[in-house]
Amino acid sequence: MIYEELQRQIEQLRILSRNGLDLSEEIAQLEAKLAALKRQTVAPAPSPSPATELDDWERVKLARHPKRPYTLDYIKSLTEDFYELHGDRLYGDDAAIVTGLARFEGQTVVIVGTQKGRDATENVKRNFGMPHPEGYRKALRVMKLGERFGFPVITLIDTPGAYPGVGAEERNIGGALAQNIYELFHLKVPVIATIIGEGGSGGAIALAVGDRVLMLENAIYSVITPEGCAAILFRDATKAPEAARALRLTAPHLLRLGVIDEVIPEPPGGAHLEPEMTLGTLKEALQRHLCELLALPVELLLRQRREKFQKMGVYEEIPESSLS
Amino acid sequence: MAIFGKKYFKVELDRPERKDDETLWMKCKACGELVFKKRVRENNNICPKCGEYFFLTAPERIELLVDPGSFEDISRPIIAADPLQFTDEDGSAYPEKIKKAQEETGLANEIIIGQARIGGYPVILAVMDFRFIGGSMGSVMGEQICQAIRHAVKERAAFVLISATGGARMQEGILSLMQMAKTASARKMLAEAKLPFISIMTYPTTAGVEASIASLGDITLAEKGALIGFTGRRVIKQTIRQDLPEDFQTDRFAFEHGMVDNLVKREQLRDELIRVLSLFAPLLTQSPAVAIEAHKKEAIV
Ligand SMILES: [Zn+2]
């Protein structure tokens with residue numbers, strides 16, 4: 001099914017490129033995906049597991065499901081009067097990140113989220129949800145705008161990662177990610193991050209330094225894609241399902257590791273089957289956390305944010321006695 | 001952890017016996033000439049015939065930069081744990097990998113942190129060693145960098161980070177990603193204390209480290225021959241299906257795109273650091289304890 005969808009998208013892109021638009025990059029990308037998919041279908045399918053105890057790889061597939069609610073769906077349903085803001089004031093506007101002001105339960109908030117496209121045309125515009133540096137710089141600009149007026153920040157994350165391209169490197173994508181991470185620690189308003197689909201590596205954490213980090217039940221959050229991990233460590237990209245299990249990238253694992261604060265339940269089969277339910281649950285959680293955070297003095301808020309991330313990591317202490 | 005002991009901890013630079021290789025000569029990979037190893041070492045691991053840079057280990061790098069006798073290892077006695085119980089496809093478990101790296105490098109971890117003087121100025125150094133699992137950043141590196149920053153504030157020393165890393169430590173999964181945030185969150189302490197952070201990028205400085213602490217310096221220097229970037233060449237090439245520019249992600253590329261303040265030859269790195277540090281000198285107040293310690297050491301030397 002995804003296979004046919006990809007083929008259809010490639011076909012559409014080819015038609016589009018006849019109008020003089022250069023889409024060779026996007027077409028190549030889709031073809032690569034298609035090829036990867038072909039390889040996967042050759043490999044034996046993972047054994048089905050009961051809906052309640054979804055296999056990690058099943059969750060990866062759900063997190064990437066093309067019908068899954070995306071950032072704009074959340075904005076539409078959770079907020080009112082959304083007013084989109086564009087451009088980083090330095091280079092351009094990146095449609096892979098949506099930013100703006102909106103009303104959430106009567107309170108003006110800043111919304112920042114990565115956005116995937118539903119069809120080929122939109123995916124060209126949204127770059128498959130893979131932002132360039134200007135996207136992250138726009139996000140920072142708008143978050144700082146919010147800070148000036150005391151508007152809390154809500155981020156929604158659904159990205160395979162920052163875009164791996166020449167332009168991104170030329171415009172210092174690494175530096176842009178670093179700057180966002182750093183600045184988020186000093187943003188004097190509450191920040192709530194929610195991983196709604198794919199939380200892809202540096203491109204995700206650059207929007208996910210929050211006082212609270214929430215995660216949808218079937219979302220994933222990882223240092224590397226399962227495919228990338230499989231290619232590097234297992235030297236075989238088709239071992240992505242194994243890599244997905246090894247990386248512990250699903251919400252229940254991450255809750256245990258102390259990386260996220262709350263798992264937002266989804267209906268059996270995934271958020272796309274009953275979007276209203278998921279949206280409702282997330283709304284309730286956002287409201288609850290926002291209420292708690294708005295009650296904190298700014299200094300305490302910032303100290304807690306810093307301490308929360310300072311505690312992350314697991315290592316082994318060597319007793320002094322064994323050193324002497 | 002008794003077997004671990006202090007064998008790998010507390011890096012000492014002034015070991016009278018340095019482990020020498022059996023062979024006296026080596027063949028330069030760049031020019032193909034046979035060169036005298038001792039001569040290469042004396043020349044900052046640069047080929048005396050053609051100028052090619054060879055890798056520097058973290059201890060070698062420290063030795064190259066600090067005032068003789070001034071270095072003291074201040075690493076926290078911690079080593080990598082295995083929170084994910086991660087096993088590579090070849091069956092090697094993560095703790096095995098760590099142990100192997102320790103044996104091969106003689107180091108406890110992929111990063112050494114220490115207190116030293118450079119041209120008399122107090123610095124806290126954090127130096128990565130690429131030999132140790134690609135100098136990748138996991139929970140240990142994250143904590144050691146934070147520890148180094150805390151020390152810099154306590155001692156009113158400049159913080160000098162020298163990166164040689166492929167990025168995040170995949171075997172620690174999401175926790176390695178979180179080190180990007182953890183290290184970035186500590187960085188502010190230096191700004192609040194008005195202490196300079198000098199970030200030196202060497203071959204290679206990429207991915208998770210490049211996209212966090214390494215890109216947050218007050219002054220950013222690239223060593224000649226550095227590789228600087230977020231996504232690896234191979235991945236980009238696969239994605240865009242095009243050949244990449246010849247100079248892509250080189251030191252020159254980083255400089256021309258405004259990512260670093262200056263490019264510095266390895267043999268000039270120490271002098272360059274001294275020049276930079278001198279401009280911050282009034283802020284590097286030498287607390288009496290530091291000054292006395294340094295004086296004692298200088299007297300011994
Ligand atoms: Zn040579």
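Labels below follow one simple rule: chain letters A, B, ... track the order of the sequence lines, proteins then strands, and each chain is numbered from 1.
- Rounded to the nearest 0.5 angstrom, B/S215 OG and A/I181 CD1 are separated by 10.0 Å.
- A/Q179 has its side chain within reach of B/L216: a pair of non-hydrogen atoms, C-beta onward, lies under 4.5 Å apart.
- With a threshold of 4.5 angstrom between heavy atoms, A/L184 does not approach chain B through any atom at all.
- Here the side chains of B/T231 and A/Y163 are not in contact, with every heavy-atom distance at 4.5 Å or above.
- By the 4.5 Å heavy-atom criterion applied to side chains, B/Q85 and A/R248 are counted as neighbours.
- In terms of heavy-atom pairs under 4.5 angstrom with chain A, the leader among B/K188, B/E210, B/M259 is B/K188.
- Only the side chain of A/V209 comes within contact range of chain B, judged by heavy atoms closer than 4.5 Å.
- For chain B, the nearby part of A/F185 is the side chain; its heavy atoms alone come within less than 4.5 Å.
- Remark: B/S185 OG to A/Y182 OH distance equals 10.5 Å, nearest 0.5 Å.
- Heavy atoms only, all atoms of each residue included: B/T239 and A/P164 are closest at OG1-CG, 3.7 Å.
- When heavy atoms are compared at a cutoff of 4.5 Å, A/V259 approaches chain B solely by way of its side chain, counted from C-beta outward.
- Residue B/T87 touches chain A through its backbone alone, counting heavy-atom pairs closer than 4.5 Å.
- In this structure, A/L233 and B/F86 have side chains that are in contact, with non-hydrogen atoms separated by less than 4.5 Å.
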Working note: A/R306 + B/E192, criterion salt bridge (Lys or Arg N to Asp or Glu O under 4.0 Å); need CA distance, chi angles, decisive distance, verdict. CA-CA 14 Å; A/R306 197 191 280 197; B/E192 283 166 351; 3.3 Å; yes
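- Between chain A and the residues B/C146, B/A181, B/G173, B/P83, the largest count of heavy-atom pairs under 4.5 Å involves B/A181.
- Atom CD1 of residue B/I174 and atom CD1 of residue A/I224 lie 12.0 Å apart, to the nearest 0.5 angstrom.
- Only the backbone of B/A80 comes within contact range of chain A, with at least one heavy atom under 4.5 Å from a heavy atom of that chain.
- Of the possible polar contacts, none joining the B/E143 side chain to the A/V314 backbone as a donor-acceptor pair under 3.5 Å is found.
- In this structure, no portion of A/A206 lies under 4.5 Å from any heavy atom of chain B.
- Neither the backbone nor the side chain of A/E307 comes within contact range of chain B; no heavy atom of the residue lies under 4.5 Å from a heavy atom of that chain.
- No other option in A/L249, A/L257, A/V223 has as many heavy-atom pairs under 4.5 Å with chain B as A/V223.
- Separation of atoms CZ (B/R187) and NE2 (A/H186) is listed at 8.5 Å; rounding is to 0.5 Å.
- Counting heavy atoms of neighbouring residues, nucleotides and ligands inside a 6.0 Å radius, atom CZ of B/R150 exceeds 12 of them.
- For chain A, the nearby part of B/R234 is the side chain; its heavy atoms alone come within less than 4.5 Å.
- Minimum heavy-atom separation, A/A178 to B/S212: CB-O, 3.4 Å.
- To the nearest 0.5 Å, atom CE of residue B/M170 and atom OG of residue A/S201 are 10.0 Å apart.
- Both the backbone and the side chain of A/L247 come within contact range of chain B, with heavy atoms under 4.5 Å apart.
- Residues A/Y315 and B/K182 come closest through the heavy atom pair CE2-NZ, 4.4 Å.
- Residue A/K308: no heavy atom, backbone or side chain, is found under 4.5 Å from chain B.
- Atom CD1 in B/I98 sits 10.5 Å away from atom CD in A/E316 (nearest 0.5 Å).
- Contact detail for A/V166 and B/L244: the closest heavy-atom pair is CG2-CD2, 3.5 Å.
- Nearest heavy-atom pair, B/S139 versus A/G313, reported as atom, atom and distance to 0.1 Å: OG-CA, 3.3 Å.
- For A/E169 against B/I236, the heavy-atom pair with the smallest separation is CG-CD1, 3.7 Å.
- For a residue to count as touching a neighbouring chain, one of its non-hydrogen atoms must lie under 4.5 Å from one of that chain's; by this rule B/E256 does not touch chain A.
- Interface check for chain B: of the options A/K239, A/E242, A/R171, the most heavy-atom pairs under 4.5 Å are formed by A/K239.
- When heavy atoms are compared at a cutoff of 4.5 Å, B/L175 approaches chain A solely by way of its side chain, counted from C-beta outward.
- In this structure, B/F253 and A/E170 have side chains that are in contact, with non-hydrogen atoms separated by less than 4.5 Å.
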